[in-house]
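Reminder, nothing fancy here: chain letters follow the sequence lines and each chain counts from 1.
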Amino acid sequence: DTGVSQNPRHKITKRGQNVTFRCDPISEHNRLYWYRQTLGQGPEFLTYFQNEAQLEKSRLLSDRFSAERPKGSFSTLEIQRTEQGDSAMYLCASLTGVLGDTQYFGPGTRLTVL
Amino acid sequence: GNSVTQMEGPVTLSEEAFLTINCTYTATGYPSLFWYVQYPGEGLQLLLKATKADDKGSNKGFEATYRKETTSFHLEKGSVQVSDSAVYFCALSVGGKLTFGQGTILTVHP
């Protein structure tokens with residue numbers, strides 16, 4: 001069990017550019033979640049996958065955001081035409097899907113949009 | 001909708017003091033309840049959890065009891081240490097998705 005990993009750990013970009021983040025979940029976990037955390041706040045749900053199927057998206061996820069999980073393994077979160085308001089920590093978590101099971105979080109990707 | 005409310009912070013205590021961080025929730029269905037901790041420069045870690053009413057979660061001297069009648073899950077520790085300084089998040093899960101409170105910053109002085 002190597003834990004949930006995320007890359008890159010930090011990303012600085014200019015407004016209007018596209019960025020992509022990657023999450024590698026714990027290998028036997030079939031559910032994968034993305035959250036966004038802004039300074040001084042708790043994480044907020046963005047979207048989640050069961051295997052390769054994206055089952056729910058938050059209203060926070062504008063059309064500029066897209067997430068994929070090909071083959072039900074790693075996942076990517078892409079933000080197009082970034083805005084300064086997108087600056088946040090993007091967190092990925094995974095769990096087995098068993099009722100009451102624990103979500104294990106990755107270290108996050110901190111995005112700064114200049 | 002689901003929501004979690006934590007006591008306002010920051011909380012500053014001396015070492016060996018008693019800690020309580022209040023957490024109340026609103027949820028549809030039957031949530032599982034969690035406390036996560038975020039140490040400086042690190043990611044979110046599960047501290048403890050409870051999956052049904054009257055369950056007590058405990059870990060590293062911290063405890064919280066799932067109180068359905070008061071919709072609460074208050075975090076307590078009898079004697080805090082400097083190493084407990086961190087941000088603490090109360091959260092609930094319905095169907096797997098977590099809803100977090102805003103977090104409480106705890107600082108413990110020697």
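- The list of side-chain hydrogen bond (donor to acceptor under 3.5 Å, both in side chains) pairs with a residue in residues 68-77 of chain A, not counting sequence neighbours, reads A/Trp34-A/Ser75.
- In B/Gln81, the CD atom is crowded: over 12 heavy atoms of neighbouring residues, nucleotides or ligands sit closer than 6.0 Å.
- Using a 4.5 Å cut-off between heavy atoms, B/Gln38 contacts chain A through its side chain alone, with no backbone atom that close.
- Taking a 6.0 Å sphere around CG of A/Leu39, one finds it holds 12 or fewer heavy atoms contributed by other residues, nucleotides or ligands.
- Heavy atoms only, all atoms of each residue included: A/Gln103 and B/Tyr36 are closest at O-OH, 2.8 Å.
- Looking at residues two or more places apart in sequence or on another chain, you find no ring-ring contact (aromatic ring centres under 6.0 Å, His included) involving B/Phe89.
- Heavy-atom contacts from other residues, nucleotides or ligands closer than 6.0 Å to CD1 of A/Ile12 number 12 or fewer.
- With values rounded to the nearest 0.5 angstrom, A/Tyr35 atom OH is found 7.5 Å from B/Thr99 atom OG1.
- In this structure A/Arg9 satisfies the salt bridge (Lys or Arg N to Asp or Glu O under 4.0 Å) test with no other residue, sequence neighbours excluded.
- Only the side chain of A/Glu56 has a heavy atom closer than 4.5 Å to any heavy atom of chain B.
- Heavy-atom minimum distance, B/Leu44 versus A/Phe105: O-CB, 3.8 Å.
- For a heavy-atom cut-off of 4.5 Å, chain A lies close to B/Phe100, B/Gly101, B/Gln102 in residues 100-110 of chain B.
- The number of heavy-atom neighbours closer than 6.0 Å to CZ of A/Arg15, taken from other residues, nucleotides and ligands shown, is 12 or below.
- Neither the backbone nor the side chain of A/Gln6 comes within less than 4.5 Å of any heavy atom of chain B.
- Between chain B and the options A/Gly42, A/Gly108, A/Gly40, A/Pro43, heavy-atom pairs under 4.5 Å are most frequent for A/Pro43.
- Cluster membership for A/Met89 and A/Val19, using ILVMFWY side-chain heavy atoms within less than 4.5 angstrom, is not shared.
- Here the CG atom belonging to A/Leu91 is positioned 11.0 Å from the CG atom belonging to B/Leu98, to the nearest 0.5 angstrom.
- Under the 4.5 Å side-chain heavy-atom criterion for Ile, Leu, Val, Met, Phe, Trp and Tyr, A/Phe45 and B/Tyr25 are members of distinct hydrophobic clusters.
- Heavy-atom neighbours of B/Tyr30 OH from other residues, nucleotides or ligands within 6.0 Å: at or below the threshold of 12.
- The structure places NZ of B/Lys97 at 11.5 Å from CG of A/Leu55, a figure rounded to the nearest 0.5 Å.
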